There are 4 protein chains.
Amino acid sequence: MFAPSARRKPKQRRAQQTVEAVLDAVVKILKRDGVDAVTTNRIAEVAGVSIGSVYQYFIDKRAIFLALHDRHVEEIGRLVERTIVEHAASSLENVLRALVEAVVDAHAPDPKLYELLHTEAPHRAEGARHLAERLRGALRLVISSRMGELKIPSDLESVLFVVTHMVDALSHGAVLRRPPRMSLAEAKEEAVRAILVYLRA
Amino acid sequence: MFAPSARRKPKQRRAQQTVEAVLDAVVKILKRDGVDAVTTNRIAEVAGVSIGSVYQYFIDKRAIFLALHDRHVEEIGRLVERTIVEHAASSLENVLRALVEAVVDAHAPDPKLYELLHTEAPHRAEGARHLAERLRGALRLVISSRMGELKIPSDLESVLFVVTHMVDALSHGAVLRRPPRMSLAEAKEEAVRAILVYLRA
Amino acid sequence: MFAPSARRKPKQRRAQQTVEAVLDAVVKILKRDGVDAVTTNRIAEVAGVSIGSVYQYFIDKRAIFLALHDRHVEEIGRLVERTIVEHAASSLENVLRALVEAVVDAHAPDPKLYELLHTEAPHRAEGARHLAERLRGALRLVISSRMGELKIPSDLESVLFVVTHMVDALSHGAVLRRPPRMSLAEAKEEAVRAILVYLRA
Amino acid sequence: MFAPSARRKPKQRRAQQTVEAVLDAVVKILKRDGVDAVTTNRIAEVAGVSIGSVYQYFIDKRAIFLALHDRHVEEIGRLVERTIVEHAASSLENVLRALVEAVVDAHAPDPKLYELLHTEAPHRAEGARHLAERLRGALRLVISSRMGELKIPSDLESVLFVVTHMVDALSHGAVLRRPPRMSLAEAKEEAVRAILVYLRA
DNA sequence: CATGAATGAGTGTTCATTCAT
DNA sequence: AATGAATGAACACTCATTCAT
């Protein structure tokens with residue numbers, strides 16, 4: 001076909017719209033009334049579709065949460081990947097800073113929502129993609145492309161294990177669990193510093 | 001009497017036994033059949049008490065999960081505190097290694113259970129004590145008692161923020177999310193190394 | 001179409017059918033097994049609908065009883081109003097006799113049921129229409145349209161207060177609490193005589 | 001024995017005290033929190049006795065309400081009987097006025113409570129004494145002792161049927177259901193007038 | 001495909017009652 | 001007798017899911 005991505009079959013577009021409306025509805029209810037208010041009938045109502053239509057696109061309630069979680073992972077994943085590409089030529093410090101910044105900024109506007117997405121969504125379900133895997137992939141690129149500069153010791157995998165968890169935990173921690181008197185900026189700065197120190201050791 | 005604290009009022013002992021039986025029952029069901037199988041009637045059955053008795057000690061189902069989460073936090077909290085006391089005279093490296101070891105060992109026997117405890121229990125509820133707070137308190141002691149050796153820069157709080165999240169995330173990560181080919185021992189070792197590097201920087 | 005009112009929107013007709021079926025079910029259970037047997041699940045079963053459907057039309061159990069009470073009040077109310085209209089040209093004695101007759105006959109087939117409706121239904125709830133109000137309205141019409149004949153003294157409201165309670169209490173009393181050796185006919189006759197004597201005084 | 005009624009066995013006195021405490025507790029809860037709050041455990045708590053003791057004196061919950069209803073009937077019954085005795089020498093008008101006055105005054109302080117006593121208590125239960133019977137007995141005395149003055153027609157029972165219901169319904173009506181702009185005094189007065197008119201006809 | 005009324009298994013919870021102490 | 005912790009049958013009600021229209 002000539003412009004395959006530009007024009008979809010109306011059916012598919014319709015489907016995509018419904019799926020998005022459903023996921024947005026979940027987010028809306030989650031924010032407004034909490035997890036317990038998220039019932040399938042309420043989702044349908046808020047999404048403006050019939051409950052029957054919801055079940056046309058999602059096999060069960062679990063699948064809705066799974067899709068929402070996947071959408072979140074995809075969003076952050078893309079953000080992370082775009083960030084490292086954009087900073088391919090930057091110093092290590094700058095990539096890392098941009099990375100932490102990106103993750104923090106993505107979660108900052110609605111920390112509670114993303115907390116719920118991490119805790120309530122059945123993301124332990126089969127086939128759920130973990131954000132950590134995407135992040136690890138990205139960080140592997142960041143680090144391996146700077147191997148000379150970094151004189152990484154024996155095992156890259158060990159380093160990736162640590163760095164991935166540091167970026168993830170410190171970014172989320174900065175948004176959700178930083179000590180009372182610490183600013184978001186301070187938290188981010190110290191996080192970046194910590195990661196750098198580890199990588200340069 | 002020789003050990004006056006050994007004998008308590010039977011009433012209180014009975015109550016405590018029931019509470020423990022209920023919490024243990026939840027753990028048992030959680031492990032055996034998953035979260036959705038944890039119904040109040042099932043809890044009572046497995047705990048070997050009547051459903052009425054369960055409600056004598058817990059105002060509602062939520063309260064049961066909350067108590068379970070608190071018990072877990074208390075257990076790990078005590079473990080952490082005992083560990084730093086026992087290693088008061090050890091080198092920084094040894095305390096940290098012992099700390100990571102303790103947290104990892106506490107979670108290793110049943111990773112899935114503790115994952116559930118973190119994700120499914122309503123630990124966002126009012127009054128829930130976060131493990132992180134206990135850990136931060138312990139680490140404050142570890143670090144501030146070694147201030148000379150460490151030449152910690154300007155802000156102790158920032159350091160604590162980072163170290164707390166590193167211990168927590170890397171310990172849990174070691175148990176739950178380490179890369180396929182990495183052993184638990186390797187993960188622990190690299191975690192300790194990373195924390196040391198950061199603190200000595 | 002020829003009889004446009006004969007066909008309603010299926011939705012509304014369906015709903016009305018279910019509501020009626022539920023109320024009839026309550027009556028059936030009430031008569032057969034008493035008040036304590038009236039559980040929501042039993043209602044659904046006897047009504048031939050699912051318990052879920054019952055809750056589609058009634059917000060809670062209370063609402064079912066309220067609706068039943070309202071239906072009863074409406075039924076008797078209409079009966080009373082029809083009676084006075086039909087006897088607009090009759091003598092006072094005849095209207096009153098017809099009125100007492102109507103109320104008695106409406107309750108006679110199932111005295112116990114109507115006793116329950118008066119005592120068990122939560123008719124003290126908000127918005128519950130009292131039968132007495134309907135009756136008072138009707139009697140106001142009866143009396144005020146015969147003012148000349150009756151030379152009612154100063155206060156019509158006082159007279160209405162008395163007459164309303166006499167019709168209500170004597171009719172119900174005739175059905176439910178007349179002395180052992182008194183026939184229903186005798187009770188009705190004496191009731192009518194008493195009301196007439198009072199009005200003509 | 002010398003003074004049999006003055007001194008009871010302590011046991012019996014204790015029992016009587018408990019029974020009274022329980023009935024008073026029901027009244028207290030009824031007034032404070034409504035019918036649904038009247039649970040057996042709550043009764044025991046408010047009465048200041050153990051739930052076990054409640055069941056020592058009442059076979060089941062039903063029996064508690066029955067006893068409360070009986071106590072109420074007894075109270076009003078005695079009041080009615082005392083009134084007619086005290087007015088043995090009064091004119092018919094004065095006895096009736098005193099009677100209506102007595103019943104109204106007994107109910108006026110807490111209309112809602114007595115409404116509940118009439119509607120919620122299982123007074124249809126076996127063996128429940130009806131207030132109407134007591135009232136009928138008293139009125140039989142009032143009327144039959146004035147037979148000459150009254151030239152009552154053929155059937156005394158019919159007259160009693162009507163008068164009993166008039167006293168009962170108009171007294172209760174005066175307290176609970178009189179029209180908005182009618183004073184209690186007006187209602188009582190009109191009630192007495194109506195009964196007199198009927199009896200003198 | 002869309003609809004949404006209908007379904008009913010299953011839930012959390014209550015509360016009258018018992019009985020070991 | 002008195003206690004009150006324990007009991008568990010039974011309840012009102014929810015909500016994920018289906019399917020006739």
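Chain letters run A, B, ... following the sequence lines, proteins first, then strands; residues in each count from 1. Treat the numbers as computed from the prediction; the structure is a model and nothing was measured.
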Among [options], which is the nearest nucleotide to the side chain of [X]?
{"X": "C/Tyr57", "options": "F/dA2, F/dA6, E/dA6", "answer": "E/dA6"}
{"X": "B/Ser53", "options": "E/dG12, F/dA6, F/dG4", "answer": "F/dA6"}
{"X": "C/Tyr55", "options": "F/dT14, E/dA6, F/dA2", "answer": "F/dT14"}
{"X": "B/Thr18", "options": "E/dT17, F/dA6, E/dT3", "answer": "F/dA6"}
{"X": "A/Thr40", "options": "F/dT7, F/dT17, E/dT13", "answer": "F/dT17"}
{"X": "C/Gln56", "options": "E/dT3, F/dC13, E/dA5", "answer": "E/dA5"}
{"X": "D/Ile51", "options": "E/dT3, F/dA2, F/dG4", "answer": "F/dG4"}

Whole angstrom value for the distance that separates [atom2] of [N] from [atom1] of [X]:
{"X": "D/Asp36", "N": "E/dA16", "atom1": "CG", "atom2": "C1'", "answer": "15 Å"}
{"X": "D/Ile43", "N": "E/dA16", "atom1": "CD1", "atom2": "C1'", "answer": "10 Å"}
{"X": "C/Arg42", "N": "F/dA12", "atom1": "CZ", "atom2": "P", "answer": "12 Å"}
{"X": "B/Glu45", "N": "E/dT11", "atom1": "CD", "atom2": "P", "answer": "12 Å"}
{"X": "A/Ile29", "N": "F/dA16", "atom1": "CD1", "atom2": "C1'", "answer": "14 Å"}
{"X": "D/Ile64", "N": "E/dC15", "atom1": "CD1", "atom2": "C1'", "answer": "12 Å"}
{"X": "B/Phe58", "N": "E/dT13", "atom1": "CZ", "atom2": "P", "answer": "13 Å"}

First locate atom [atom1] of [X], then atom [atom2] of [Y], and finally report the distance between them rounded to the nearest 0.5 Å.
{"X": "D/Asn41", "Y": "D/Ile51", "atom1": "CG", "atom2": "CD1", "value": "4.5 Å"}
{"X": "D/Lys31", "Y": "D/Ile29", "atom1": "NZ", "atom2": "CD1", "value": "12.5 Å"}
{"X": "D/Ile76", "Y": "D/Arg71", "atom1": "CD1", "atom2": "CZ", "value": "11.5 Å"}
{"X": "A/Tyr57", "Y": "A/Glu20", "atom1": "OH", "atom2": "CD", "value": "12.5 Å"}
{"X": "A/Lys61", "Y": "A/Leu66", "atom1": "NZ", "atom2": "CG", "value": "13.5 Å"}

- [ ] Determine the contact category for C/Asn41: base if any of its heavy atoms lies under 4.0 Å from a base atom, sugar-phosphate if only primed atoms, P, OP1 or OP2 are that close, otherwise nothing.
- [x] base
TODO: Assign A/Thr39 to base, sugar-phosphate, or nothing according to its heavy-atom contacts below 4.0 angstrom with the strands shown.
DONE: sugar-phosphate
Task: Any strand: nucleotide that pairs with E/dT21 via Watson-Crick or wobble, under 3.5 Å - done: F/dA2
Open item on the list: So, OP1 or OP2 of F/dT7: does either fall under 4.0 Å of a side-chain N or O from B/Ser50?
Closed with: yes
Open item on the list: OP1 or OP2 of F/dA12 versus the side-chain N and O atoms of C/Arg62: is any pair under 4.0 Å?
Closed with: no
- [ ] Could you give the distance separating F/dT21 and E/dC1 at their C1' atoms, to the nearest angstrom?
- [x] 13 Å
TODO: Identify the heavy atoms of C/Leu131 and C/Val73 that sit nearest to each other, and give their distance.
DONE: CD1-O, 3.8 Å
Task: Of B/Gly52 and C/Val49, the one whose closest DNA chain E nucleotide lies more 5' - done: C/Val49
